[in-house]
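Encoded as structure tokens, the structure appears first; notes follow it.
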Amino acid sequence: MPELPEVETIRRQLAPRVAGRTIARARVFDPLWSAPVAPREVERKLRGRRIEALRRRGKYLIADLDEDRHLVMHLRMTGNLLWVAPEDDRPERPHLRVRLTLDDGHRLLFTDQRRFGTGVVIDGTHLLETYLSERVGPEPLDPAFTPDVLARAARGRRAPVKAFLLDQRRVAGVGNIYADEALFRAGIHPLRPAGRLRRAEIERLHRGIVEALERGIERQGASIDDYRDSNGDRGSMQDEFLIHLRAGEPCIRCGRPVRKTLAAGRGTYVCSRCQPAPRPRRRATPA
DNA sequence: ATTTTCCCCTGCCGGC
DNA sequence: TGCCGGCAGGGGAAAA
């Protein structure tokens, strides 16, 4: 699933290619992608606009257009954003949802098997910032993301730390894969209440988040199933998972078998020795 | 206000 | 072999 490292990989590949290009044609084939806005309206708003920059915020990809217009895209589960050369005359990709044809003949193809991916056109910097600030919190790879920031975000939270990490308003860009990896790196059990982590644990978690994400970017993302970069190539992070998807295998740190459990409603991989389970604290203890 | 549950959607997988 | 229920999961809405 595209999380921060996957989206960042795509952004880095595409940013220099699209900067300064104009959208010559726009086609939205799937109304679900732009819902509730009609595809024709989105096409009209994109056609003729010049792409000034391609940015990322959490898992969102943002194309800044001229006239203070912004195209905000989310790949969700199975979305891909492919870069196709003008001379590439292979048949259209399966599950094609959107096609942007640039003035140099290149095409940007948004494909999405599961159809969860979205795109929204937002006019004006202020509305864009509102849209984003309602959805995403601090950028974990920004220098401003310090252990103190993480500690403040976690303060008072009773939710399991895994649910906390998956909440995009707490920390931006962390999904199921990198949450597992970060928690294992930090030696913290996913069901520990976020607000009850000690300072030392917050610092380990901070480091775990940053290092897991950075490694993911270095490896061009994780391609378990559908994820491909903008060239259609797989990442290699899936070959370096420390804990994710390793159920039954020995923990790389202690040798105990990795267990798969459920946390925050998501499949979660954990080493019961390296990530000690929280002591269940009761509110009312029946005799 | 925060946390939990349900739902969107499609392909895959195990069971019968 | 083939059908089918169950599952996966990001995020948003609704419910608790």
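These values consider heavy atoms only, across backbone and side chains, with no hydrogens, waters or symmetry-generated copies. Computed from a predicted structure; not experimentally measured. Quick note on labels: first sequence line is chain A, next is B, and so on, each numbered from 1.
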In whole angstrom, give the distance that lies between atom [atom1] of [X] and atom [atom2] of [N].
X: Leu61(A); N: dG10(C); atom1: CG; atom2: C1'; result: 15 Å
X: Arg76(A); N: dG10(C); atom1: CZ; atom2: C1'; result: 6 Å
X: Leu32(A); N: dC8(B); atom1: CG; atom2: P; result: 11 Å

Are Asp112(A) and Arg76(A) ion-paired here, with the side-chain N under 4.0 Å from a carboxylate O?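 Salt bridge between Asp112(A) and Arg76(A), a charged N being under 4.0 Å from a carboxylate O: no.
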
Is dT1(C) paired to anything, Watson-Crick or G-U wobble with both distances less than 3.5 Å, and if yes, which nucleotide?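 Here dT1(C) is not engaged in any pair, so there is no nucleotide opposite it.
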
Quick one: closest heavy-atom pair of Arg57(A) and Ala172(A), and the distance?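 In this case the closest contact between Arg57(A) and Ala172(A) is NH1-CB, 4.0 Å.
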
Just to confirm, is there a sub-4.0 Å distance from OP1 or OP2 of dG10(C) to any side-chain nitrogen or oxygen of Lys59(A)?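 Looking at the OP1 and OP2 atoms of dG10(C), neither is under 4.0 Å from any side-chain N or O of Lys59(A).
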
Does the side chain of His95(A) get closer than 4.0 angstrom to OP1 or OP2 of dT10(B) through an N or O atom?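 No.
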
Geometric class of the His244(A)/Tyr269(A) ring pair [parallel <30°, tilted 30-60°, perpendicular >60°]: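 It falls in the perpendicular class, over 60°.
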
Is Arg259(A) close to Thr268(A) at the side-chain level, that is, under 4.5 Å between some pair of heavy atoms?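 The answer is no; the side chains never approach within 4.5 Å.
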
Pick base, sugar-phosphate or nothing for [X], based on heavy-atom distances below 4.0 Å to the nucleic acid.
X: Tyr60(A); answer: sugar-phosphate
X: Gly267(A); answer: sugar-phosphate
X: Leu75(A); answer: nothing

Under a plain distance cut-off of 3.5 Å, with no hydrogens placed, do Thr9(A) and Asp229(A) share a side-chain donor-acceptor pair?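 There is no such pair (donor and acceptor under 3.5 Å, judged by atom type) between the side chains of Asp229(A) and Thr9(A).
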
Of the listed nucleotides [options], the one nearest the side chain of [X]:
X: Arg135(A); options: dG10(C), dG12(C), dT4(B); result: dG12(C)
X: Met77(A); options: dG11(B), dG10(C), dT4(B); result: dG10(C)
X: Arg170(A); options: dC9(B), dT3(B), dG11(C); result: dT3(B)
X: Ala159(A); options: dT4(B), dT10(B), dG10(C); result: dT4(B)
X: Glu3(A); options: dG10(C), dT3(B), dG11(C); result: dG10(C)

With a 3.5 Å cut-off and just heavy-atom distances, do the side chain of Arg266(A) and the base of dG10(C) make a donor-acceptor pair?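 Result: at least one qualifying N/O pair found.
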
First of Phe116(A) and Tyr131(A) reached from the 5' end of DNA chain C, by closest nucleotide: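 The 5'-side residue here is Phe116(A).
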
